[in-house]
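Below is one structure; the comments refer to it alone.
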Number of protein chains: 2
Amino acid sequence: MYTIGQAAEMTGFGHDTLRFYEKMGLLKPQRKRPGGARVFSDDDLRLLFGLKCLKRMGLSLEEIKSFTISNRCMTERSSMSEGDEAVLRDRIGLLTDHLARMEMQRRELDELINRTKNNIRLYNELLDGTP
Amino acid sequence: MYTIGQAAEMTGFGHDTLRFYEKMGLLKPQRKRPGGARVFSDDDLRLLFGLKCLKRMGLSLEEIKSFTISNRCMTERSSMSEGDEAVLRDRIGLLTDHLARMEMQRRELDELINRTKNNIRLYNELLDGTP
DNA sequence: CTACAAGCTGGAGATAACTCCAGGTCAACT
DNA sequence: AGTTGACCTGGAGTTATCTCCAGCTTGTAG
């Protein structure tokens with residue numbers, strides 16, 4: 001259990017950013033302390049690290065929100081009732097779409113990495129070839 | 001040689017976006033037509049496609065700017081004079097840093113893809129396991 | 001008991017990256 | 001000559017994502 005200052009320090013976000021994420025509904029730290037101070041759990045921190053990663057992948061906070069919320073729902077329920085099946089199928093669809101996008105992104109990234117390696121090699125040859 | 005409208009259509013950017021990129025110095029299409037209309041070359045289009053790719057990787061326009069400008073300089077010169085060597089080394093440094101960042105991003109992306117695949121699998125088992 | 005650091009809130013301000021608009025130029029068609 | 005459509009400019013407006021601020025509460029150290 002951490003204060004907002006500790007959570008900020010550990011995740012590298014600013015405290016204002018964490019409050020902003022809460023406003024957006026990305027995060028729901030508990031509020032039990034007298035003045036209404038936030039209490040961040042290890043789960044909250046994990047979510048924040050995941051968020052940071054997704055952000056670096058270029059997802060918007062809204063996308064991340066729908067993504068992490070569907071994930072959270074999954075881990076919360078261990079048994080299923082009859083009507084939940086459709087919801088579950090929706091989530092599978094969402095995740096599958098997201099997966100496809102990430103895989104495309106990976107292909108692009110690979111190509112970019114290769115092109116960059118090539119450029120670096122060319123540069124080095126240019127250097128070595130003209131001493 | 002293309003008009004701004006054609007370039008916009010082909011690259012998927014809006015025409016205002018292309019003008020905005022020019023204002024930023026990311027792009028310098030020729031301006032030979034009477035009213036000062038822009039003329040986009042195949043090189044300009046290649047640059048735009050590369051830009052789009054880099055953007056999807058999460059780079060800011062400023063980062064892309066320094067990156068594409070250093071690349072453009074490379075392809076422009078085929079022979080080297082003595083003082084250029086230091087400049088060249090700088091560029092190699094810039095590209096190498098960028099490469100390292102991209103490779104880290106790739107590792108993160110891989111992990112994320114695997115986690116997502118796992119989640120999808122778990123969901124599907126949940127569905128299949130409770131008919 | 002006072003001082004101080006760390007939290008809190010609501011709202012304003014900042015930045016990046018567009019996006020739109022009014023009013024003007026220019027070439028081509030009718 | 002007039003209309004139309006694509007392009008031009010400078011500048012205002014928008015959206016997402018923070019970032020900062022003034023003024024208040026609370027827990028702890030001296």
Side-chain angles (χ1 to χ4, degrees), chain A residues 1-41 44-45 47-69 98 101 105 108, chain B residues 1-41 44-45 47-69 98 101 105 108:
Chain A
M1 296 306 191
Y2 315 94
T3 68
I4 195 170
Q6 291 167 326
E9 165 123 10
M10 294 167 76
T11 59
F13 290 113
H15 44 95
D16 275 328
T17 306
L18 297 182
R19 289 194 264 257
F20 171 70
Y21 286 166
E22 183 180 1
K23 261 187 211 160
M24 283 200 61
L26 267 167
L27 205 62
K28 289 190 199 68
Q30 291 191 289
R31 307 293 284 271
K32 19 184 65 165
R33 291 218 244 264
R38 293 163 180 84
V39 178
F40 290 78
S41 67
D44 289 325
L45 290 204
L47 196 151
L48 283 170
F49 283 118
L51 194 158
K52 181 162 243 175
C53 183
L54 289 165
K55 245 167 63 77
R56 254 201 303 276
M57 296 307 137
L59 276 79
S60 72
L61 293 182
E62 284 301 330
E63 286 174 307
I64 293 172
K65 184 172 164 182
S66 67
F67 179 73
T68 55
I69 281 178
H98 183 59
R101 271 190 296 159
Q105 207 169 18
E108 283 174 1
Chain B
M1 296 306 189
Y2 315 94
T3 67
I4 195 170
Q6 292 167 326
E9 166 124 7
M10 294 167 77
T11 60
F13 290 113
H15 44 94
D16 275 329
T17 305
L18 296 183
R19 288 195 263 259
F20 170 71
Y21 286 168
E22 184 181 0
K23 263 187 209 160
M24 283 200 61
L26 267 167
L27 205 61
K28 287 188 201 67
Q30 291 191 291
R31 307 292 283 272
K32 17 183 69 163
R33 291 218 243 266
R38 294 164 181 81
V39 178
F40 289 77
S41 68
D44 289 326
L45 289 203
L47 197 150
L48 283 170
F49 283 118
L51 195 158
K52 181 162 244 176
C53 184
L54 288 165
K55 247 169 59 77
R56 254 201 302 275
M57 295 307 137
L59 276 80
S60 74
L61 293 183
E62 284 301 330
E63 286 175 307
I64 293 172
K65 185 173 165 183
S66 67
F67 179 72
T68 55
I69 281 180
H98 183 59
R101 269 190 296 160
Q105 208 170 19
E108 283 175 1

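Below, chain A is the first sequence line, B the second, and so on; all start at residue 1. Heavy-atom basis, side chains included; hydrogens, waters and symmetry copies ignored.
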When the distance from CG of A:L18 to P of D:dT19 is rounded to whole Å, what number comes out? 11 Å

Sugar-phosphate or base contact per nucleotide [nucleotides 1-18 of chain C; S, B, -; heavy atom under 4.0 Å]: ------SSB-------BB

Option among B:Q30, B:H15, B:E22 that satisfies the side chain to side chain donor-acceptor pair (under 3.5 Å) test with B:R38: B:E22

Rounding to an integer number of Å, can you tell me how far B:E9 CD sits from D:dC7 C1'? 16 Å

Mind checking side chain to side chain contact (heavy atoms under 4.5 Å, CB included) for B:E9 and listing every partner two or more places apart, or none if nothing turns up? none

A:D16 CG to A:K23 NZ distance, which is reported to the nearest 0.5 Å: 8.0 Å

Exercise: identify the closest heavy-atom pair between B:F20 and B:L61: CE2-CD1, 3.9 Å

Which atom names give the shortest non-hydrogen contact between B:A7 and B:Y2, and what distance separates them? N-CB, 4.3 Å

